[in-house]
A.B. asks: 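Below you will find the structure I want to go over with you.
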Amino acid sequence: MKMSPKSSLLLQRINETPTTAAAAACKQAYRHPDAAQVPENVARYHTHAVGPNQCCSSVSQHISAPVSTVWSVVRRFDNPQAYKHFVKSCHLVLGDGDVGTLREVRVISGLPAVSSTERLEILDDERHVISFSVVGGDHRLANYRSVTTLHAAAGGGGGTVVVESYVVDVPQGNTKDETCVFVDTIVKCNLQSLAQIADNLSRRNPSSS
């Protein structure tokens, strides 16, 4: 039974129809209730090369807390379980948190995965960009790469807009739509959890707002 995703957080999905076996470039146009357009300097990080057996999608979340507070949670490559509730544990296997660091993540039971080995690809504290790729583990999300960016919400109301995009292989036996629905659901849950945690931190530390 095919699911039809319905969510205000789901952004425009990329309908990638390659004409050759080579990877095709895809770029999404992002829209958000508090930001008519994601700034170009942010959007460029969400441009992915997508192969014929891959899917690419993105999710956005508005958070009332300021960028600095949200970033303090997101940038912790060694502690994804702080807001990713599907993560049971994480430990660094190589590196100390800089680009190139490897972590091993173990997930909670009930998901079609046990563990994931992930490499930190981008950590930009000035532009508030973090990216990682999955390089091993016991799971079905082969060649997964995620990019998460933060920027201040437009309109003078304050807050942060978080955009997370990804590209991943479509597992054998699944369609692109099924794969995107599955990954989108996890990403949405993560970002909603991030919003709650960051807002709580901001309320406890109003001077950072």
A.B. asks: Is any side-chain heavy atom of Trp71 less than 4.5 Å from a side-chain heavy atom of Ile130?
C.D. replies: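 A side-chain contact exists here, since the closest heavy-atom pair is under 4.5 Å.
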
A.B. asks: Do any side-chain atoms of residues 135-144 form donor-acceptor pairs under 3.5 angstrom with protein atoms, and if so which ones, sequence neighbours left out?
C.D. replies:
unit_1, atom_1, unit_2, atom_2, d
His139, ND1, Leu141, N, 3.0
His139, NE2, Gly136, O, 3.0
Arg140, NH1, Asn174, OD1, 3.1
Arg140, NH2, Gln172, O, 3.0
Arg140, NH2, Asn174, OD1, 3.2
Asn143, ND2, Asp169, OD2, 2.7

A.B. asks: Do His46 and Ser58 meet the criterion of a side-chain donor-acceptor pair at a distance under 3.5 Å?
C.D. replies: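 Ser58 and His46 do not have a side-chain donor-acceptor pair below 3.5 Å.
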
A.B. asks: Report yes if some heavy atom in the side chain of Val114 is under 4.5 Å from a heavy atom in the side chain of Val107; otherwise report no.
C.D. replies: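 With C-beta onward as the side chain, the pair stays apart.
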
A.B. asks: Can you see whether Phe132 has Arg119 sitting over its ring - NZ or CZ less than 6.0 Å from the centre and within 45° of the normal?
C.D. replies: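 No cation-pi geometry.
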
A.B. asks: Tell me, do Val161 and Leu150 make a side-chain contact under 4.5 Å, heavy atoms counted?
C.D. replies: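 A side-chain contact under 4.5 Å is absent here.
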
A.B. asks: Quick one: closest heavy-atom pair of Pro80 and Val87, and the distance?
C.D. replies: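 Nearest pair, atom of Pro80 first, then Val87: CG-CG1, 4.3 Å.
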
A.B. asks: So do Val105 and Ser115 actually touch side chain to side chain, heavy atoms under 4.5 Å?
C.D. replies: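 Result no, sub-4.5 Å side-chain heavy-atom pair not found.
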
A.B. asks: Find out whether Gln61 and Ile63 are in side-chain contact, i.e. whether some heavy atom of one side chain is under 4.5 Å from a heavy atom of the other.
C.D. replies: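 A side-chain contact exists here, since the closest heavy-atom pair is under 4.5 Å.
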
A.B. asks: Rounded to the nearest 0.5 Å, how far does CZ of Phe77 lie from CG of Asp96?
C.D. replies: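 Reported value, rounded in 0.5 Å steps: 12.0 Å.
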
A.B. asks: Would you confirm whether Ser202, through its side chain, and Ala198, through its main-chain N or O, come within 3.5 Å as a donor-acceptor pair?
C.D. replies: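 Checked: no pair found.
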
A.B. asks: Output, in order, the C-alpha distance, side-chain angles, deciding distance and verdict of side chain to side chain contact (heavy atoms under 4.5 Å, CB included) for Val73 and Leu201.
C.D. replies: CA-CA 10 Å; Val73 179; Leu201 284 173; 3.6 Å; yes

A.B. asks: Determine whether a donor-acceptor pair (N or O, by modelled atom type, separation under 3.5 Å) exists between the side chain of Gln196 and the backbone of Ser193.
C.D. replies: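 Side chain of Gln196 to backbone of Ser193, a donor-acceptor pair under 3.5 Å: no, none is there.
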
A.B. asks: Check Tyr166 against His48 and note the closest heavy-atom contact, atom names and distance.
C.D. replies: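 The answer is N-NE2, 4.0 Å.
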
A.B. asks: Minimum heavy-atom separation for Ala65 and Thr160, please, with both atom names.
C.D. replies: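 That would be O-OG1, 2.8 Å.
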
A.B. asks: Say whether, by atom type as modelled, one donor and one acceptor occur between the side chain of Ser131 and the main chain of Ser146 under 3.5 angstrom.
C.D. replies: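 Yes; judged by distance alone, with no hydrogens or angles, the pair exists.
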
A.B. asks: Would you say Glu121 and Arg145 make side-chain contact, with heavy atoms under 4.5 Å?
C.D. replies: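 Side-chain contact under 4.5 Å: yes.
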
A.B. asks: When you compare the side chain of Leu123 with that of Arg75, does any pair of heavy atoms fall below 4.5 Å?
C.D. replies: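 The answer is yes; the side chains approach within 4.5 Å.
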
A.B. asks: Let me check something: do Tyr83 and Leu120 share a hydrophobic cluster, defined by ILVMFWY side-chain heavy atoms less than 4.5 Å apart, either directly or through other members?
C.D. replies: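 Yes, Tyr83 and Leu120 fall within the same hydrophobic cluster.
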
A.B. asks: Please report the closest heavy-atom contact between Ala82 and Ile197, naming both atoms and the distance.
C.D. replies: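 Reported closest heavy-atom pair: O-CD1, 2.8 Å.
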
A.B. asks: Between Glu178 and Lys176 (salt bridge meaning N to carboxylate O under 4.0 Å), is one present in this structure?
C.D. replies: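 Looking at Lys176 together with Glu178, the answer is no, because their closest N to O distance does not fall below 4.0 Å.
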
A.B. asks: Closest heavy-atom contact between Gln81 and Cys90?
C.D. replies: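 Heavy atoms only, the tightest pair is OE1-CB, 3.5 Å.
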
A.B. asks: Indicate yes or no: at least one non-hydrogen side-chain atom of Val147 is less than 4.5 angstrom from one of Thr149.
C.D. replies: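 Val147 vs Thr149: side chains touch.
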
